[in-house]
Protein chains: 2
Amino acid sequence: MPVAKGSTIDPARTRAAILEAATAVLYERGLDGIGVAELCTRIGVSKETLYRHFGTKEGLVEAMLRQRSERVVQWLAAAAAAAGDDPRDQLAAVFDALQQWYDDPVFRGCAMLNAAAQHHVETVRAITARHLDRYLELLTGIAERAGATDPQVLGRQLLMLVEGATVVAAHHGGAGAGEHARHAALTLLSAAS
Amino acid sequence: MPVAKGSTIDPARTRAAILEAATAVLYERGLDGIGVAELCTRIGVSKETLYRHFGTKEGLVEAMLRQRSERVVQWLAAAAAAAGDDPRDQLAAVFDALQQWYDDPVFRGCAMLNAAAQHHVETVRAITARHLDRYLELLTGIAERAGATDPQVLGRQLLMLVEGATVVAAHHGGAGAGEHARHAALTLLSAAS
DNA sequence: CTCGGATCGTACCGATCGGTTCGACCTTGG
DNA sequence: CCAAGGTCGAACCGATCGGTACGATCCGAG
């Protein structure tokens with residue numbers, strides 16, 4: 001479906017639609033795995049329009065990574081919040097949500113880590129670092145509420161489990177990865193409080 | 001330093017030297033972050049020589065990933081073996097070795113994972129999967145010798161910790177990552193036996 | 001009804017890509 | 001001492017890259 005014909009009611013809508021469609025394609029093919037020309041035909045938009053909205057391919061990539069990071073973190077936070085007040089339930093809910101993600105046929109690992117692995121550009125690496133920051137914040141919060149002796153350290157260990165589970169799921173098969181990681185996380189949580 | 005002048009005593013030596021030098025450059029710059037021409041000048045070899053030995057840039061990448069995977073796994077296995085007979089000591093030694101790696105200024109994450117994140121080629125993904133297999137084998141062996149109830153599951157959880165620690169160290173700062181992961185690993189090992 | 005702007009499609013740009021070829025050189029084995 | 005072959009450096013190839021320019025089209029606001 002073409003993004004728009006002629007003038008669109010709202011240019012911002014066009015930008016959002018491009019971002020949405022480009023995210024899917026770039027995640028599937030890799031940032032350097034598809035050229036701007038083919039990308040444009042795939043998402044049904046002209047190069048001129050894309051470049052007016054994002055200036056540069058890098059600009060598009062950055063906008064997409066920012067949006068994606070935002071969404072993923074909020075999604076996990078929501079899953080935790082929906083699990084009730086018990087920090088253990090919240091932690092379990094995070095890994096259950098991750099397992100859901102791993103089971104998605106289009107799952108190809110963490111988009112931010114994939115991007116940082118290929119683009120050594122500073123802004124991309126900064127977005128990835130910020131992404132891990134927000135993960136860490138979420139997990140440290142759970143550790144604190146669970147009364148961990150050292151919530152900072154436990155949070156970081158849980159972050160490693162989250163990222164490790166994602167890596168293993170992406171490159172070694174995702175079946176049961178979330179469950180195994182959840183079990184390990186709860187063990188660490190028990191031992192640390 | 002040029003790899004050789006005129007005919008070399010041993011063409012295999014040339015190939016090994018190219019592999020060695022190319023590995024460092026490609027790891028630093030990313031597989032697609034440098035062209036074959038610049039790569040050749042950087043490592044002091046002509047394109048013709050490189051192409052005769054590896055046929056293709058992909059061929060070079062695959063050879064380099066295979067060698068690298070081999071070395072990393074054997075290095076970790078050696079570190080574990082050198083720690084004595086106690087499985088706990090062996091596990092701790094693995095994470096101490098990892099911390100050493102994280103502290104290396106040229107550390108840029110796991111080369112296999114980085115490669116798999118950008119090249120969707122099947123052979124590259126296969127090398128990465130095989131790499132994780134060997135990691136898993138090492139860790140499961142430790143879990144078995146430690147008398148874990150379910151060595152397969154514990155091995156996979158330890159694999160997640162290893163990969164997670166590497167990801168965090170690469171993208172979020174490596175200080176203390178190995179120690180935190182080691183502590184978590186020993187906690188899991190205790191809880192599982 | 002007209003005007004301004006968002007869009008399309010296409011052609012085009014210079015640069016770089018991976019890969020090939022060739023003549024000259026050097027070294028080693030016979 | 002000479003032939004064989006590994007190597008170099010540079011030229012060269014077609015393809016593709018990210019990015020720009022332009023005329024045509026369409027739509028909404030006045």
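Chain naming here is simple, since letters A, B, ... match the order of the sequence lines and numbering starts at 1 in each. What you see below is based on every heavy atom in this structure, not just the backbone, and it leaves out hydrogens, waters and symmetry mates.
No salt bridge links B:Arg52 with B:Glu48; every basic N to acidic carboxylate O contact stays at or beyond 4.0 Å. Between A:Arg156 and A:Glu163 no salt bridge is recorded (no basic side-chain N to carboxylate O distance below 4.0 Å).
Screening residues 24-38 of chain A for salt bridge (Lys or Arg N to Asp or Glu O under 4.0 Å) gives A:Glu28-A:Arg42, A:Arg29-A:Glu38 as the qualifying pairs, with residues at least two apart or on separate chains.
Listed by residue number, there are no residues of residues 57-67 of chain A with a heavy-atom contact under 4.0 Å to DNA chain C. Of all the residues in residues 26-41 of chain B, not one reaches under 4.0 Å from DNA chain D with any non-hydrogen atom.
In this structure, A:Thr56 does not reach the D:dG18 phosphate: none of its side-chain N or O atoms is under 4.0 Å from OP1 or OP2. Taking only side-chain nitrogens and oxygens, B:Thr49 comes nearer than 4.0 Å to OP1 or OP2 of D:dC8. Residue A:Thr14 places at least one side-chain N or O closer than 4.0 Å to OP1 or OP2 of C:dT7.
Of the options B:Asp86, B:Leu91, B:Asp85, a side chain to side chain contact (heavy atoms under 4.5 Å, CB included) to B:Asp89 is made by B:Asp86 and by none of the others.
Regarding A:Arg42, its CZ atom lies at a distance of 19 Å from the C1' atom of C:dG9, rounded to whole Å. We find that CG of B:Leu50 is positioned 16 Å from C1' of C:dT21, with the value rounded to whole Å. Nucleotide C:dC8 holds its C1' atom 12 Å from the CD1 atom of A:Ile18, rounded to whole Å. One atom, CZ of B:Arg15, and another, P of D:dT7, lie 12 Å apart when rounded to the nearest Å. Between the CZ atom of A:Arg13 and the C1' atom of D:dG28 there is a distance of 15 Å, given to the nearest Å. Regarding B:His53, its NE2 atom lies at a distance of 15 Å from the P atom of D:dG5, rounded to whole Å. Remark: C1' of D:dG9 and CD1 of B:Ile43 are 15 Å apart, rounded to the nearest angstrom. For A:Gln118 and D:dC17, the CD to C1' distance is 16 Å, given to the nearest whole Å.
Annotation for A:His172: atom NE2 counts as buried by contact number, over 12 foreign heavy atoms lying within 6.0 Å.
If you check distances only, the side chain of A:Lys47 does reach the base of D:dG19 with a donor-acceptor pair under 3.5 Å.
Take the nearest nucleotide of DNA chain D for B:Ser46 and for A:Gly55: the residue whose nucleotide is more 5' is B:Ser46.
Side chains of A:Val121 and A:Val61 form no contact here, defined as non-hydrogen atoms less than 4.5 Å apart.
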Report task. Give the C-alpha distance, both sets of side-chain angles, the deciding distance and a yes or no for side-chain contact (heavy atoms from CB on, under 4.5 Å) between B:Glu20 and B:Gln67. Result -> CA-CA 9 Å; B:Glu20 206 71 30; B:Gln67 187 192 58; 4.2 Å; yes
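Counting only N and O atoms by type, the side chains of A:Gln99 and A:Arg182 include no donor and acceptor under 3.5 Å apart. In summary, the side chains of A:Ser190 and A:Thr187 do not present any donor paired with an acceptor at a separation below 3.5 Å, with no hydrogens or angles considered.
Of all nucleotides listed (D:dT7, C:dC22, D:dA21), C:dC22 comes nearest to the side chain of B:Glu48. Comparing C:dG9, C:dG18, D:dG19 against the side chain of B:Tyr51 picks out C:dG18 as the nearest.
Hydrophobic cluster membership is shared by B:Leu138 and B:Leu159, with clusters built from Ile, Leu, Val, Met, Phe, Trp and Tyr side chains linked at under 4.5 angstrom.
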